[in-house]
Amino acid sequence: MAQTDHPIAIAIHGGAGTISREAMSAERERDIRDALERAVQAGHAVLEAGGSSLDAVTAAIRILEDAPQFNAGRGSVLTEAGRVEMDASIMDGATLNAGAVASVTGLRHPIEAARRVMSDSPHVMLIGEGAEAFAAEFDLETEDPEWFITDFRREELRRIQSAEQARLSGPEPWYSTVGAVAIDRSGNLAAATSTGGMSNKRWGRVGDSPIIGAGTYANNQTCAVSATGHGEFFIRYVVAYDICARMAYTARPLAQTADEVVNQVLASAGASGGVIAIDRQGRIAMPFNTSGMYRAAIHRDGRMEVAIYRDSEDAPTAANEP
Ligand code: ASP
């Protein structure tokens, strides 16, 4: 019988990147911290009430998708053509069931569509118009394309496109994709990720976030992981799965394993980003190789942590528990 008194815990991220305190207005920082806090508390409340880790990560991500500060749902980055094209995925660590959508427009909560793909279709990933037609069968909420677009993202796109050699210099170094990982009272792990992808993307580009194994992975035997960063590298290095696989093969602790992949494997490949991860005991690790990562957690002991920068009084550690 499933255990029902397992310690619960949840971690979320709102993206990793290079940002200085000087470049962040006090108001924006306050809004970001507030959204992170609301999202992690909403997810934790689900767990506390005996809900599943799948419901907890979905609840947290819905809040972050609606928060315009993050690159997911409303506030998603814009494509080269000034459109929003979103990707999302979710995975159940108990069954290894998973669902994902890529390049969807108009869906207010892409994570709900990914969840439906997992629970109500025989498939793992649906894209574009097909995914939207599938979502319509479940009356998932839609919004006008303009509803998703914020002035911040319009300005960001203008800046990137007008930068000399924009094409060569590559995308914005701040990735504000959102993600969540959790463990529930039955000891079941879940992971989920939602994003608008990378600013100025072209040709129907899809990153790691909707790819099971790259941006999202969960297995009750090891851990649950959600990633943020330069997606092409996370796909090539199969980052989320790699962290879970290393744990299975080496039996080393989560903090060490996640740190190794983020700060050694990815860093030496020149890939910037980070992950949030939680193991089967509910220990959380949130390593990143950039100067900051928007992140929050409610640990097994009930302690809440909300942090942005690497070096600050607000960020106890990158890998939070031994
Ligand atoms: N990983 C995402 C992508 O490549 C971007 C992000 O983390 O913000 O699409």
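Counting convention: from 1, in listed order, for ligands and their atoms alike. Each residue takes its place number in the sequence, starting with 1.
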Exercise. Does any N/O atom on G231 come nearer than 3.5 Å to any N/O atom on ligand 1?
Worked result: yes
Exercise. Which of these, V239, T193, T177, has its nearest heavy atom closest to atom 5 (C) of ligand 1?
Worked result: T177
Exercise. Backbone, side chain, both or neither: what part of S176 comes under 4.0 angstrom of ligand 1, heavy atoms only?
Worked result: backbone
Exercise. Atoms of ligand 1 less than 4.0 Å from T228 heavy atoms?
Worked result: 6 (C), 7 (O), 8 (O)
For this session: Output the list of atoms in ligand 1 that are nearer than 4.0 Å to some heavy atom of S209, sorted by atom number.
Result: 1 (N), 2 (C)
Exercise. Going by distance only, is there an N or O of A227 that falls short of 3.5 Å from an N or O of ligand 1?
Worked result: no
Problem set entry | E112: partners by side chain to side chain donor-acceptor pair (under 3.5 Å), with sequence neighbours left out | R62
Problem set entry | Parallel, tilted or perpendicular: rings of Y294 and F70 (30°, 60°) | perpendicular
For this session: May I ask you to establish whether R310 and F288 are in a cation-pi arrangement, using a distance under 6.0 Å from NZ or CZ to the six-membered ring centre and at most 45° from the ring axis?
Result: yes
For this session: Return the set of residues passing side chain to side chain donor-acceptor pair (under 3.5 Å) with D301 (not counting sequence neighbours), or none when no residue passes.
Result: none
Problem set entry | Test of proximity, E232 against ligand 1: N or O pairs below 3.5 Å | no
Exercise. Could an N or O of ligand 1 be found under 3.5 Å from any N or O of R205, whether backbone or side chain?
Worked result: yes
For this session: Kindly indicate whether a cation-pi arrangement holds for R28 with F152, taking the cut-offs as under 6.0 Å to the six-membered ring centre and within 45° of the axis.
Result: yes
Problem set entry | Contacting atoms of ligand 1, where contact means under 4.0 angstrom from a heavy atom of G229 | 1 (N), 2 (C), 3 (C), 4 (O), 5 (C), 6 (C), 7 (O)
Exercise. Which atoms of ligand 1 sit under 4.0 Å from any heavy atom of D208?
Worked result: 1 (N), 2 (C), 3 (C), 4 (O)
Exercise. Can a cation-pi geometry be assigned to R236 and F233, taking NZ or CZ under 6.0 Å from the six-membered ring centre and within 45° of the ring axis?
Worked result: yes
Exercise. Can you tell me if G15 has a non-hydrogen atom under 4.0 Å from ligand 1?
Worked result: no
Exercise. Hey, which of I90, V101, N97 is the one that makes side chain to side chain contact (heavy atoms under 4.5 Å, CB included) with V117?
Worked result: V101
Exercise. Under 4.0 Å from any heavy atom of G197, which atoms of ligand 1 are there?
Worked result: 5 (C), 9 (O)
Exercise. In terms of side-chain geometry, is the basic nitrogen of R33 or E29 positioned less than 4.0 Å from the acidic oxygen of its partner?
Worked result: yes
For this session: Answer yes when D259 and R252 have at least one side-chain N-carboxylate O distance shorter than 4.0 Å, and no when they do not.
Result: no
Exercise. Would you say H230 and ligand 1 have an N/O pair spaced under 3.5 Å apart?
Worked result: no
Problem set entry | Proximity flag G215 to ligand 1, non-hydrogen atoms under 4.0 Å | no
